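What you see is a predicted model, and the numbers here were worked out from it, not measured in a lab. Only heavy atoms go into these numbers, but all of them, side chains included; no hydrogens, no water, no symmetry mates.
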Amino acid sequence: MSNEAKLELDGKVFTLPTVEGSEGEKAVDVSSLRANTNYITLDDGYGNTGSCISKVTFIDGDKGVLRYRGIPIEEMAEKSNFIETAFLIIYGDLPNRPQLKKFSNLLTANQFLHEDMKFHFEGFPTGAHPMAILSAMINAASCFDEGLMNWKWGKNTEFDVYVARLISQVRTIAAYSYRKSKGLPLIYPKQNYKYTANFLHMMFSMPYEDFEIKPEVVKALDLIFLLHADHEQNCSTSTVRMVASSQANLFASCAAGVCALWGPLHGGANQAVLEMLEDIHRSGDDGSKFITAAKDKNSGKKLMGFGHRVYKNHDPRATIIKKACDDVLAKLNISDPLLDIAKKLEEAALKDSYFVERKLYPNVDFYSGIIMRAIGIPMEMFTVIFAIGRMPGWIANYKEIMDEPKSRIYRPRQIYTGRTINNYVPLEARK
Ligand code: CMC
């Protein structure tokens, strides 16, 4: 079989090299196309464009496969935890005992924010969305770290510290963003708490009373972080790579990722799912009216938490999270009418030709909101939880850009369809 593609343009045949990934994914390498033919490729929304070569995460959307550094998501969800997963994603291998200890110590050593950052939190109005605070404060954190501002890529020991600082501090900033949005006093992390328990402590403890840390709640939240830890070239990760390609610092690049994640078509879908379920519940609909509206393009409604650019079979994260949702609700003895509506919507959609023909299945966000609600996470924090979880993936992709000696600034082209030459008209002469 030829490993070249032939393209006929304007009567001439051009050959283009092809590339094959380790899982047999194939691409036509068009990087020389414009230089040789004066044509570019056009792919609105990048649905058919490989923007990079990466070793971090593999997805087979037709089969519903997701693997972190080759390890199936189902195995990671069953046997690992978020911190070990973060190490795997960033450094490429599961950590041995000393590596894990060192990573964990670095996280603990870097969990406090500079005290002066508190004044910046004070500048946000009560009620501000925590995603806005999160992205602003991740960026602000880099100003409090002279080393980071002057840091040049290539000194690996410093990279390890900045990785730990970002993974640890995003959790502290996230909890403070919530406290600030509610006008509550800020709670410091505890030295002896593990990552996820500490987050719950900073979110919910009060100066006069520690929040009760329930193991099943920690387990459920840790699983949510783990399931979100990476997802190859999605909107936010591509944004991080785009910003990193200009050699912006790690914190600035990941703050940009937070902004990209916020929208309801991406990470913001988890909040949008819950808002949708609440609306359906309030209106007394059992879901059937909503399904009809979601199929009507003029209704302005979509079945949030359904569909995916890559998964055309099922989203394996959704399967894991649905089961975890049932488990945690049973353990906490919670019955939630929104869960019943969600299940009815899923059942109806999976039988409906509109969703079947378009291969629209529940994605990770469909059930994650219900678990978060059950364990007491406020709705406006759902996307923040996604951001904490996704940080290892953003960092690993940042590292790939920086480690690549031939890395170039990301700079797509366009097909211009605006006016052709159009001379300036002085103000007096304009109609
Ligand atoms: N409800 C109703 N119709 C839908 C939905 C939906 N949730 N998703 C896609 N469609 C329709 C869409 O209107 C189009 O129909 P037609 O072919 O008649 O024009 C067809 O299905 C193909 O959809 P698309 O919009 O071209 O797909 P996309 O790959 O551009 O968008 C998506 C993917 C996830 C943005 C989209 O499915 C969607 O908006 N879903 C709801 C939001 C959501 O749950 N987002 C979370 C994604 S998973 C978490 C993450 O990684 O970000």
Side-chain angles (χ1 to χ4, degrees), residues 81-83 86 104-145 164-225 251 255 258 270-271 274 328 331-334 369 371-389 391:
N81 59 47
F82 175 60
I83 291 306
S104 165
N105 288 345
L106 264 181
L107 291 172
T108 308
N110 283 282
Q111 64 187 350
F112 285 91
L113 304 179
H114 192 293
E115 274 296 293
D116 290 351
M117 278 186 68
K118 281 207 240 162
F119 299 111
H120 288 263
F121 280 102
E122 277 167 21
F124 291 102
T126 300
H129 197 289
M131 280 298 273
I133 307 181
L134 185 71
S135 65
M137 294 307 284
I138 290 174
N139 223 345
S142 61
C143 313
F144 287 89
D145 198 326
R165 193 162 295 163
L166 186 49
I167 293 207
S168 203
Q169 291 190 355
V170 68
R171 170 198 55 170
T172 311
I173 293 172
Y176 282 14
S177 305
Y178 170 67
R179 304 289 297 200
K180 176 62 211 168
S181 72
K182 293 286 168 214
L184 294 168
L186 305 183
I187 300 288
Y188 288 110
K190 285 198 186 209
Q191 290 297 100
N192 59 331
Y193 275 7
K194 288 197 185 304
Y195 190 88
T196 303
N198 229 341
F199 175 69
L200 290 165
H201 161 68
M202 287 188 277
M203 283 280 292
F204 300 123
S205 287
M206 291 305 274
Y208 48 85
E209 191 179 21
D210 272 0
F211 177 72
E212 185 196 348
I213 307 284
K214 292 188 182 153
E216 55 273 30
V217 171
V218 173
K219 192 173 165 214
L221 185 56
D222 199 81
L223 177 70
I224 292 175
F225 288 150
F251 280 49
V258 173
N270 52 19
Q271 178 171 342
L274 214 81
V328 82
K331 277 201 187 113
L332 297 174
N333 209 9
I334 294 173
I371 299 198
M372 288 196 262
R373 179 173 137 107
I375 61 176
I377 305 287
M379 190 160 68
E380 65 276 21
M381 285 297 286
F382 288 3
T383 314
V384 172
I385 301 285
F386 193 152
I388 299 174
M391 198 51 80

**OP:** Grab the two heavy atoms, one from I133 and one from S177, that are nearest each other, plus how far apart they are.
**Re:** CG2-OG, 3.5 Å

Original post:
Do F144 and H120 come close enough that some side-chain heavy atom pair is under 4.5 Å?
Top reply: yes

Original post:
Roughly how far, to the nearest 0.5 Å, is CG of L200 from CG of L221?
Top reply: 5.5 Å

Subject >> Q191 atom CD, neighbour heavy-atom count above 12 within 6.0 Å >> reply: yes

Subject >> Spacing of CG belonging to N81 relative to CD1 belonging to I83, to within rounding of 0.5 Å >> reply: 7.0 Å

Subject >> Intermediate values then yes/no, side chain to side chain contact (heavy atoms under 4.5 Å, CB included), V217 and T196 >> reply: CA-CA 9 Å; V217 171; T196 303; over 6 Å; no

Original post:
Using the ring of each side chain (for Trp, its six-membered ring), is F82 parallel, tilted or perpendicular to Y195, with breaks at 30° and 60°?
Top reply: tilted

**OP:** Quick one: closest heavy-atom pair of R171 and N198, and the distance?
**Re:** NH1-CB, 3.4 Å

**OP:** Quick one: closest heavy-atom pair of M381 and I377, and the distance?
**Re:** CB-CG2, 3.8 Å

Original post:
Hey, are the side chains of K214 and K331 touching, using non-hydrogen atoms and a 4.5 Å cut-off?
Top reply: no

Subject >> Sub-4.5 Å side-chain heavy-atom contact between I213 and Y193 >> reply: yes

Original post:
Considering all heavy atoms of both residues, which atom of A374 and which atom of I334 are nearest to each other, and what is their separation?
Top reply: O-CD1, 3.4 Å

Original post:
Is a donor on one side and an acceptor on the other found under 3.5 Å between the side chain of Q169 and the backbone of L113?
Top reply: no

Original post:
Taking all non-hydrogen atoms of both residues, which atom of V328 and which atom of E216 are closest, and how far apart?
Top reply: CG2-O, 4.1 Å

**OP:** Could you check whether the rings of Y176 and F121 sit parallel, tilted or perpendicular, using 30° and 60° as the cut-offs?
**Re:** perpendicular

Original post:
About how many Å separate OG1 of T383 and CE of M372, when rounded to the nearest 0.5 Å?
Top reply: 7.5 Å

Original post:
Take atom NZ in K190; do more than 12 heavy atoms of anything else shown fall under 6.0 Å from it?
Top reply: yes

**OP:** Determine the sole option in E209, H201, M202 for which the side chain to side chain contact (heavy atoms under 4.5 Å, CB included) test with S205 is passed.
**Re:** H201

**OP:** Go through the steps to decide whether H114 and D145 satisfy the test side chain to side chain contact (heavy atoms under 4.5 Å, CB included), and finish with yes or no.
**Re:** CA-CA 9 Å; H114 192 293; D145 198 326; over 6 Å; no

Original post:
Would a distance-only check, ignoring hydrogens and angles, find a side-chain to backbone donor-acceptor pair under 3.5 Å from N139 to A255?
Top reply: no

Original post:
Does S142 reach the main-chain N or O of I138 with its side chain, forming a donor-acceptor pair under 3.5 Å?
Top reply: no

Original post:
Do S181 and H129 come close enough that some side-chain heavy atom pair is under 4.5 Å?
Top reply: no

Subject >> Closest heavy-atom pair and its distance - L107, A164 >> reply: CD2-O, 3.6 Å

Subject >> Euclidean distance, L106 CG relative to I167 CD1, rounded to 0.5 Å >> reply: 11.0 Å

**OP:** Show the numbers, then the answer: is there a salt bridge (Lys or Arg N to Asp or Glu O under 4.0 Å) between K194 and D222?
**Re:** CA-CA 11 Å; K194 288 197 185 304; D222 199 81; over 6 Å; no

Original post:
Going by heavy atoms in the side chains, are F251 and R165 under 4.5 Å from each other?
Top reply: yes

Original post:
Should the pair Y178 and F204 be assigned to parallel (<30°), tilted (30 to 60°) or perpendicular (>60°) ring geometry?
Top reply: perpendicular

Original post:
Roughly how far, to the nearest 0.5 Å, is CD1 of I224 from CD1 of I385?
Top reply: 7.5 Å

Original post:
Does a side-chain heavy-atom distance below 4.5 Å link T108 with S168?
Top reply: no

Original post:
At what distance, to the nearest 0.5 angstrom, does CZ of F386 lie from CE of M131?
Top reply: 9.0 Å

